[in-house]
Amino acid sequence: MKLFVFLCFSQALICAFVCGHHGGPHDDDHDHDGHHHNNEPEALLQISSANLKFSYKLYYQLAAAHPNDNFFFSPLSISTAFSLLSLGAKSKTLSQIHEGFGFNKSLVSEEMIHKGFQKLLNIINQPKSGFELDSANALFIDTKLNLLNKFLDDAKKFYRSEAISTDFHKVQEALEQINSYVEKKTNGKIKDLLDNLDPMTALVIVNTIFFKGKEEERKRLNSRHFHELNERGRDPGNTLSNVEHTREDDFHVDENTVVKVPMMSRRGEYLTGYIPEIGCRVVDVPYKGNTSAIFVLPEIGKLHDAEKALQNLSEEAWNKAMKSR
């Protein structure tokens with residue numbers, strides 16, 4: 001059995017904010033022209049649903065191409081960057097971008113796609129208590145390239161994108177400029193993102209997401225279990241990070257390889273369940289600030305089958321399986 005941990009940041013983030021957001025401060029780009037925003041919730045739901053499906057499909061493509069590697073990526077960053085790019089696309093290129101990311105043009109217009117991302121990014125970047133979350137977009141534009149003001153204005157309006165003049169013929173300076181931007185936006189966590197650039201480069205689109213949060217305290221067990229555990233000298237309210245409740249256990253790298261690693265444990269009430277459609281057990285670990293990490297553990301020897309099935313998993317199947325336990 002190989003442990004498959006799928007940190008579905010896109011789903012946890014988007015579902016938490018789109019489904020749980022009911023107002024709050026007005027966005028900076030809020031329209032004041034008298035128009036109503038009845039389509040905004042629908043646009044957000046369409047964007048979140050498409051991003052969720054895209055994240056599963058992208059993961060499967062990466063896993064199939066590199067079956068022995070680990071991946072950590074943000075589907076939201078990728079779809080945001082391409083949607084920003086689509087502001088300057090037309091005809092077949094535009095259709096391919098929308099189809100690739102699962103945007104149903106019969107349900108949501110091109111304008112509403114951009115407004116959906118605008119609303120989502122505004123929600124994400126609102127000040128929050130309990131955790132840090134910041135998303136940023138930037139356009140590094142060659143000094144000899146003149147982009148249409150409409151494109152630049154829409155990039156700023158819908159995607160909060162900065163326009164940064166860059167001389168790509170001076171490759172080392174351009175590299176330092178881009179890498180410095182990414183390092184700053186990720187609080188020093190990502191350094192030297194790029195190590196090479198083609199001097200013929202005309203435009204680089206960069207998206208960063210920085211997240212720092214703490215696990216939320218869960219409900220303690222009922223009094224009967226509390227007394228039973230106390231009698232055994234165990235605290236039912238321990239946190240995952242408590243070293244006193246960390247022990248070595250078997251980690252199954254694959255069907256034939258087992259190694260000993262430190263395993264963390266905690267007793268509490270979580271959303272968890274079994275999803276027969278993909279043959280996996282799932283647990284939702286909440287973090288402060290109304291977001292969560294979702295961990296998926298496939299059955300023994302079923303990792304590749306689970307990865308393939310995951311891309312067709314419906315939200316209904318997911319929600320049906322998750323119960324508080």
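All heavy atoms count here, side chains included; hydrogens, waters and symmetry mates do not.
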Is N179 close to L194 at the side-chain level, that is, under 4.5 Å between some pair of heavy atoms?
yes
Would D167 and E173 count as a side chain to side chain contact (heavy atoms under 4.5 Å, CB included) here? Give the steps.
CA-CA 8 Å; D167 189 349; E173 289 183 14; 5.6 Å; no
Could you work out, with side-chain hydrogen bond (donor to acceptor under 3.5 Å, both in side chains) as the rule, every residue matching D134, not counting sequence neighbours?
none
Looking at side-chain heavy atoms only, is the closest gap between V283 and L297 below 4.5 Å?
no
Hey, could you give me the CD/CG distance between E307 and L62, rounded to the nearest 0.5 Å?
10.0 Å
Output all residues satisfying side chain to side chain contact (heavy atoms under 4.5 Å, CB included) with K144, sequence neighbours left out; order by chain, then residue number.
D142, H169
Quick one: does D195's side chain get under 4.5 Å of L175's, heavy atoms only?
no
Is there side-chain contact between R281 and F295, with heavy atoms separated by less than 4.5 Å?
no
Stepwise side chain to side chain contact (heavy atoms under 4.5 Å, CB included) test for N137 and I205
CA-CA 7 Å; N137 296 294; I205 298 178; 5.7 Å; no
Going by side-chain hydrogen bond (donor to acceptor under 3.5 Å, both in side chains), name the residues that satisfy it together with D250, two or more places apart in sequence or in a different chain.
K260
Flag the pair R160 / N122 as yes when at least one side-chain heavy-atom distance between them is below 4.5 Å, and no otherwise.
yes
Let me have the donor-acceptor pairs involving side chains of residues 80-92, under 3.5 Å, with sequence neighbours excluded, atom names and distances please.
unit_1, atom_1, unit_2, atom_2, d
T80, OG1, L76, O, 2.7
S83, OG, Y159, OH, 2.5
S86, OG, S83, O, 2.6

Derivation of the side chain to side chain donor-acceptor pair (under 3.5 Å) call for N207 and S77:
CA-CA 6 Å; N207 172 280; S77 290; 2.5 Å; yes
Nearest-0.5 Å distance that lies between atom CG in L197 and atom CD in Q177:
10.5 Å
Rounding to 0.5 Å, atoms CD1 (I47) and CG (L52) come to a distance of 13.0 Å
Does the side chain of K157 come within less than 4.5 Å of Q118's, by heavy atoms?
yes
What's the separation between atom OG in S180 and atom NZ in K191, rounded to the nearest 0.5 Å?
11.5 Å
Shortest non-hydrogen contact between Y60 and Q311, atoms and distance:
CD2-NE2, 3.3 Å
Counting C-beta onward and ignoring hydrogens, is there a side-chain heavy-atom pair between R247 and P262 closer than 4.5 Å?
no
Shared hydrophobic cluster for L147 and V206 (ILVMFWY, side-chain gaps under 4.5 Å):
no
Heavy-atom pair with the smallest gap, counting every atom of L145 and I141
O-CG2, 3.8 Å
Within the 4.5 Å heavy-atom criterion, are V282 and I294 side-chain neighbours or not?
yes
Minimum heavy-atom separation for P298 to A306, with atom names?
CB-CB, 3.9 Å
Lys/Arg-Asp/Glu bridge criterion (N-O < 4.0 Å) met for E111, K115:
yes
L133-V182 co-clustered via ILVMFWY side chain contacts under 4.5 Å:
no
Is there a path from I78 to I209 through hydrophobic residues (I, L, V, M, F, W, Y) whose side chains come within less than 4.5 Å of each other?
yes
In terms of heavy-atom contacts, F101 and A50 come closest through O-CB, 3.4 Å
Flag for Y274-E299: side-chain donor and acceptor within less than 3.5 Å:
yes
Would you name the heavy atoms of A293 and Y287 that are closest together and state the gap between them?
CB-CE1, 3.8 Å
Are L94 and V108 connected in a single hydrophobic cluster, I mean Ile/Leu/Val/Met/Phe/Trp/Tyr linked by side-chain heavy atoms less than 4.5 Å apart?
no
To the nearest 0.5 Å, what is the distance between CG on L310 and OH on Y59?
8.5 Å
Starting from the C-alpha separation in whole Å, work towards a yes-or-no answer on side chain to side chain contact (heavy atoms under 4.5 Å, CB included) for V285 and S292.
CA-CA 5 Å; V285 179; S292 61; 6.0 Å; no
Which residues satisfy the salt bridge (charged side-chain N to carboxylate O under 4.0 Å, His left out) test with K150, sequence neighbours excluded?
D154
What is the distance from atom CG of N312 to atom CD1 of I278, rounded to the nearest 0.5 Å?
11.0 Å
For L203 versus F168, what's the shortest heavy-atom pair and its separation?
N-CE1, 4.2 Å
Identify, with sequence neighbours excluded, every residue that meets ring-ring contact (aromatic ring centres under 6.0 Å, His included) alongside F140.
Y181
Assigning hydrophobic clusters by single linkage (Ile, Leu, Val, Met, Phe, Trp, Tyr; side-chain heavy-atom cutoff under 4.5 Å), is F54 placed with F71?
yes
Going through the distances and angles, do T246 and M263 end up as a side chain to side chain contact (heavy atoms under 4.5 Å, CB included)?
CA-CA 5 Å; T246 301; M263 291 280 189; 5.9 Å; no
